[in-house]
Amino acid sequence: MNHTHKPGGNPLSGVKCFVLDMDGTIYLEDELFPYTKDFLDRCLASSRDFLFFTNNSSKSQQSYLQKLQRLGIQVTAERMLLSTQVLIAFLQRERPGKRVWVAGTADLLAEFRAAGIEPLSSAPEIAIIGFDTELTYDKLLTLHRAVQSGAEFFGVNMDLVCPVAGGEIPDCGSLARVIASSTGVEPVFFGKPSPHALDFICRQTGYAAGELCFVGDRLYTDIAIATGTQAVSVLVLSGESKAEDLQRYPQFVPSLVVQDLAELSDYLHPGPG
C-alpha cells in the first residue's frame with residue numbers, strides 16, 4: 001500500500017536525512033524488526049543520513065544508546081535525539097535560571113541535572129511532566145499546586161499512550177491531562193509534533209526542514225510534525241497506526257504510506273538531487 005502527493009514521483013527525492021521513530025518503527029519493545037539494519041545500510045548507501053528521535057521521555061539518551069547497541073545498532077549520541085532534549089534546550093535558551101519542578105523517572109531527572117538544571121527546585125516557576133512510569137499522587141499534587149500558583153506548565157511529549165507487548169499504557173499526554181483538568185491550564189508540549197521539536201532537529205543537524213523526512217507509526221505525532229512544513233513524512237503500518245486511521249485523522253496526510261521500513265527501502269534510489 002502506498003500513497004503519495006505526486007503520483008508516479010518519488011516523494012523522497014529531496015530528502016537528505018531520515019528522522020526515524022523507534023518503537024513500532026525500527027523495533028517493538030525489545031525485538032528489532034528484521035528489516036531495520038538493511039534499511040539503515042541502504043539509507044547510507046543512497047548518500048542519505050539518518051537519526052533516531054523518540055518522544056518517550058521515560059528513559060535517558062544513554063539508555064537508548066545502550067538499547068540500540070544490544071540490538072546490534074551502533075550509533076553516536078548525535079544520532080540519538082529525545083523529546084527531553086528539546087525541552088532542555090528551550091529552557092537553556094528561553095528560560096535560563098528559572099526554577100523548575102519535574103515529575104518524571106530517575107532517568108528523566110538525570111537528563112535535566114546533566115544539563116545543569118535542578119529538576120526539583122522549590123517554589124518552581126516552571127512545572128514539567130514527562131512520561132513518568134514512577135508517578136505518585138504526591139508528584140501530581142506538587143504539579144497541581146505549582147500550576148495553580150502560576151508556574152508555566154510544560155509537558156515533555158504529548159503521546160497519550162505508549163505501545164507495549166499486549167497493549168498500551170498511559171503516556172505523558174494522558175498524565176498531563178490530569179493536571180490540565182484540575183487546574184484549567186493546558187500544557188505546552190515539546191516533543192513531536194511541536195514546532196519546537198522541528199526547530200531543534202534543524203539546529204542540531206544543520207538540515208533545512210525540506211531536507212528532512214519523518215518516519216513513524218503515529219499520525220498525530222510522527223506525521224503531524226511535518227504537516228504545514230516543507231518536511232516529508234512517511235507513515236509505517238508496523239506499529240500503532242492502521243490504514244483505517246488515515247480517515248480518523250484527515251488533517252495529517254503523510255507524503256507516503258508503507259507497510260514497514262522494508263517497503264520504504266524501495267524508494268531509496270536514487271539519492272537526493
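Bear in mind the structure is a predicted one, so any value in this text is a computation, not a measurement.
Taking the six-membered ring for Trp and the full ring otherwise, the centers of F18 and F39 sit less than 6.0 Å from each other.
With hydrogens and angles disregarded, no donor-acceptor distance shorter than 3.5 Å links the side chain of S255 to the backbone of V232. Side-chain atoms of Q85 come within 3.5 Å of backbone N or O of L82 as a donor-acceptor pair. Put simply, the side chain of E31 never gets that close to the backbone of L28: no donor and acceptor are under 3.5 Å apart. Between the side chain of E211 and the backbone N or O of Y207 there is no donor-acceptor pair closer than 3.5 Å. A distance-only check finds a donor-acceptor pair linking the side chain of N10 to the backbone of Y267 [under 3.5 Å]. Using a distance-only test at 3.5 Å, with no hydrogens or angles considered, a donor-acceptor pair links the side chain of D23 to the main chain of E29. Side-chain atoms of K192 come within 3.5 Å of backbone N or O of F53 as a donor-acceptor pair. Using modelled atom types, no side-chain atom of E240 and backbone atom of G24 make a donor-acceptor pair closer than 3.5 Å. Judged by distance alone, the side chain of S83 and the main-chain N or O of F190 form no donor-acceptor pair under 3.5 Å. Between the side chain of K139 and the main chain of E134, a donor-acceptor pair closer than 3.5 Å is present.
A single hydrophobic cluster is seen to contain both V188 and I179, as judged by linkage of ILVMFWY side chains at heavy-atom distances under 4.5 Å, directly or through other members. Using a 4.5 Å cut-off between side-chain heavy atoms of Ile, Leu, Val, Met, Phe, Trp and Tyr, with links allowed through other members, L109 and V86 fall into the same hydrophobic cluster. V15 and F214 sit in two unconnected hydrophobic clusters of ILVMFWY residues. Membership requires side-chain heavy atoms under 4.5 Å apart, directly or through other members. In the hydrophobic clustering of this structure, L120 does not group with F131; members are Ile, Leu, Val, Met, Phe, Trp, Tyr whose side-chain heavy atoms approach within less than 4.5 Å, directly or through other members.
In this structure the side chain of L212 reaches within 4.5 angstrom of the side chain of L198, judged on heavy atoms. Counting heavy atoms from C-beta outward, R203 and R93 have side chains that approach closer than 4.5 Å. Side-chain contact between C162 and N56 is present, with at least one heavy-atom pair separated by less than 4.5 Å. At least one side-chain heavy atom of D38 sits less than 4.5 Å from a side-chain heavy atom of S265. For the pair F50 and L44, the minimum side-chain heavy-atom distance is below 4.5 Å.
Side-chain polar atoms of S63 and D107 form a donor-acceptor pair below 3.5 angstrom. Side chains of T76 and E78: a donor on one and an acceptor on the other come within 3.5 Å. Side-chain N/O atoms of D138 and T136 include no donor and acceptor closer than 3.5 Å.
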Inset, instruction - Check step by step if side chain to side chain contact (heavy atoms under 4.5 Å, CB included) holds for V75 and L65. - result: CA-CA 7 Å; V75 292; L65 288 171; 3.9 Å; yes
Inset, instruction - Would you check, one step at a time, whether the test side chain to side chain contact (heavy atoms under 4.5 Å, CB included) holds for F153 with I129? - result: CA-CA 8 Å; F153 183 23; I129 189 164; 4.0 Å; yes
Inset, instruction - Give the intermediate values and the outcome of side chain to side chain contact (heavy atoms under 4.5 Å, CB included) for residues D222 and V236. - result: CA-CA 10 Å; D222 301 312; V236 293; over 6 Å; no
Inset, instruction - Take Y64 and F52, measure what ring-ring contact (aromatic ring centres under 6.0 Å, His included) needs, and give me the verdict at the end. - result: CA-CA 10 Å; Y64 277 110; F52 302 110; 9.8 Å; no
Inset, instruction - Applying side chain to side chain contact (heavy atoms under 4.5 Å, CB included), run through L256 and L264 and close with a yes or a no. - result: CA-CA 9 Å; L256 183 68; L264 183 58; 3.8 Å; yes
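Counting all heavy atoms, side chain and backbone alike, I88 lies closest to E111 at CD1-O, 3.6 Å.
Looking at R79 and D49, a side-chain N of the basic residue comes within less than 4.0 Å of a carboxylate O on the acidic one, giving a salt bridge. The residues D21 and R218 are annotated as not salt-bridged, no charged nitrogen and carboxylate oxygen being separated by less than 4.0 angstrom. R248 has a carboxylate O that lies under 4.0 Å from a charged side-chain N of D245, or vice versa, which qualifies the two as a salt bridge. Checked for salt-bridge contact, R95 and E152 meet the test: a charged N lies under 4.0 Å from a carboxylate O.
For the side chain to side chain donor-acceptor pair (under 3.5 Å) with N55, the qualifying choice from D159, T221, N157, D171 is D159, the only one to do so.
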